[in-house]
Amino acid sequence: MNSSVLLLGASGALGLEIAKRLKRDLIPFRAQTSSQEGMAKLLPYTNDIWVVDPANNPEEVTGITLGMDAVISGMGKSVSLFTNSPDTFNEVDHVGNAEVLLDALKNKVPYYIYVSIKEAGHNDDFEIPKSHKKFEDKLTETEIPHCILRPVGMFSGLHDLAIMAKRKMIPIIGDGEARTNSISQDDMAEVVITTLKNRTTGVQLIGGPEIHTRLEMAEMIQDRFGAKIVKIPKTIADIGAFLPRFFDKNFYDKTSFFKYICTHDMIGDKHGVMTFKQYLQGINENDLP
């Protein structure tokens with residue numbers, strides 16, 4: 001099969017939506033995933049699948065970009081508090097992506113899209129945005145025409161609150177007045193495909209169609225699942241984020257950054273059509289752990 005696009009992180013929440021649209025638009029693509037489970041998810045959309053972990057097995061990515069006209073990377077470590085893996089954010093978000101970039105340079109790939117996050121480059125005190133920015137810098141230093149997309153947040157990243165709501169508690173850090181216009185992974189995938197077709201370059205800050213406070217979003221989750229909203233003072237949240245550092249650095253990185261984004265405005269340019277309320281209605285409670 002002659003592929004033209006390499007999709008990294010293809011079995012993730014965003015990657016899978018991009019895969020669906022590449023098939024819809026008859027754009028041949030090669031998919032990368034790190035597990036057999038991920039491969040099973042991708043088989044309906046492409047037979048050209050590489051099961052490889054670039055961070056831990058860099059030698060296995062040799063040739064992964066050969067013949068590609070573009071690379072789309074949505075590869076990154078999950079930020080969910082309910083998932084865990086031994087790899088650090090630096091290993092997955094930075095090192096893994098950098099290994100593929102080296103192969104892309106060798107094979108003279110003419111275009112690159114990297115899905116980063118809003119805070120990349122602005123909060124090096126936090127490991128998650130710091131790791132994204134490290135790869136952004138490596139990509140920027142190359143001569144490959146590229147676009148860096150920085151979503152302010154995706155609805156899939158808010159599933160933790162839905163999981164907590166299933167357990168009858170929705171935590172709000174601080175007063176809940178921080179605002180955001182997170183975007184659905186469906187709409188974010190459309191942004192990626194449009195970027196690919198237009199060969200857009202530069203850095204773009206991506207948000208969804210509606211701006212809400214964190215409290216307003218918690219109230220929508222409450223209406224959908226039925227649960228008690230619990231406000232957690234910032235001082236207590238600071239202690240809660242600090243303690244796990246001694247036991248699990250990955251968990252500390254997640255909780256500390258979660259506290260930050262929940263207490264600061266996260267707003268980007270408006271894209272898409274799906275609202276948060278509509279997204280919540282589409283969640284099957286039985287699918288939540």
key: Within-4.5 Å side-chain heavy-atom neighbours: Phe135 and Ile148   = no
Within-4.5 Å side-chain heavy-atom neighbours: Ile211 and Lys270 = yes
ask   = Do Arg21 and Glu190 meet the salt-bridge criterion of a basic N to acidic O distance under 4.0 Å?
value = yes
inquiry  = Counting C-beta onward and ignoring hydrogens, is there a side-chain heavy-atom pair between Val52 and Ile64 closer than 4.5 Å?
reply    = yes
key: Lys228 side chain near Met169 side chain, heavy-atom distance below 4.5 Å   = no
message = Does atom CZ (Arg179) have a neighbourhood of more than 12 heavy atoms from anything else shown, all under 6.0 Å?
response = no
query = Should Lys23 and Thr46 count as side-chain neighbours, where that means a heavy-atom distance under 4.5 Å?
reply = no
request  = Could you walk me through whether Ser116 and Glu136 pass the side-chain hydrogen bond (donor to acceptor under 3.5 Å, both in side chains) test, one step at a time?
outcome  = CA-CA 8 Å; Ser116 184; Glu136 284 189 14; 2.6 Å; yes
query = Given the rule that I, L, V, M, F, W and Y join up when any side-chain heavy atoms are under 4.5 Å apart, are Val273 and Met217 in one cluster?
reply = no
message = I'd like to know if Lys138 and Glu141 make a salt bridge, using a cut-off of under 4.0 Å between side-chain N and carboxylate O.
response = no
task = List the steps, then state whether side-chain contact (heavy atoms from CB on, under 4.5 Å) holds for Lys133 with His94.
result = CA-CA 8 Å; Lys133 188 59 167 58; His94 168 220; over 6 Å; no
ask   = Considering only heavy atoms from C-beta outward, does the side chain of Ile193 approach that of Ile18 to under 4.5 Å?
value = yes
ask   = Considering the options Thr140, Leu149, Asn97, which one meets the side chain to side chain contact (heavy atoms under 4.5 Å, CB included) requirement together with Tyr114?
value = Asn97
request  = State which residues pass side chain to side chain contact (heavy atoms under 4.5 Å, CB included) with Thr200; sequence neighbours excluded, sorted by chain then number.
outcome  = Tyr111, Cys147, Thr195, Asn198, Gln204
ask   = In terms of heavy-atom contacts, does CD of Glu59 have more than 12 from other residues, nucleotides or ligands at under 6.0 Å?
value = yes
query = Do Lys197 and Ile27 come close enough that some side-chain heavy atom pair is under 4.5 Å?
reply = yes
query = Hey, does Ile72 have a side-chain heavy atom less than 4.5 Å from the side chain of Leu196?
reply = yes
query = Does a side-chain N-to-carboxylate-O contact under 4.0 Å join Lys277 and Asp223?
reply = no
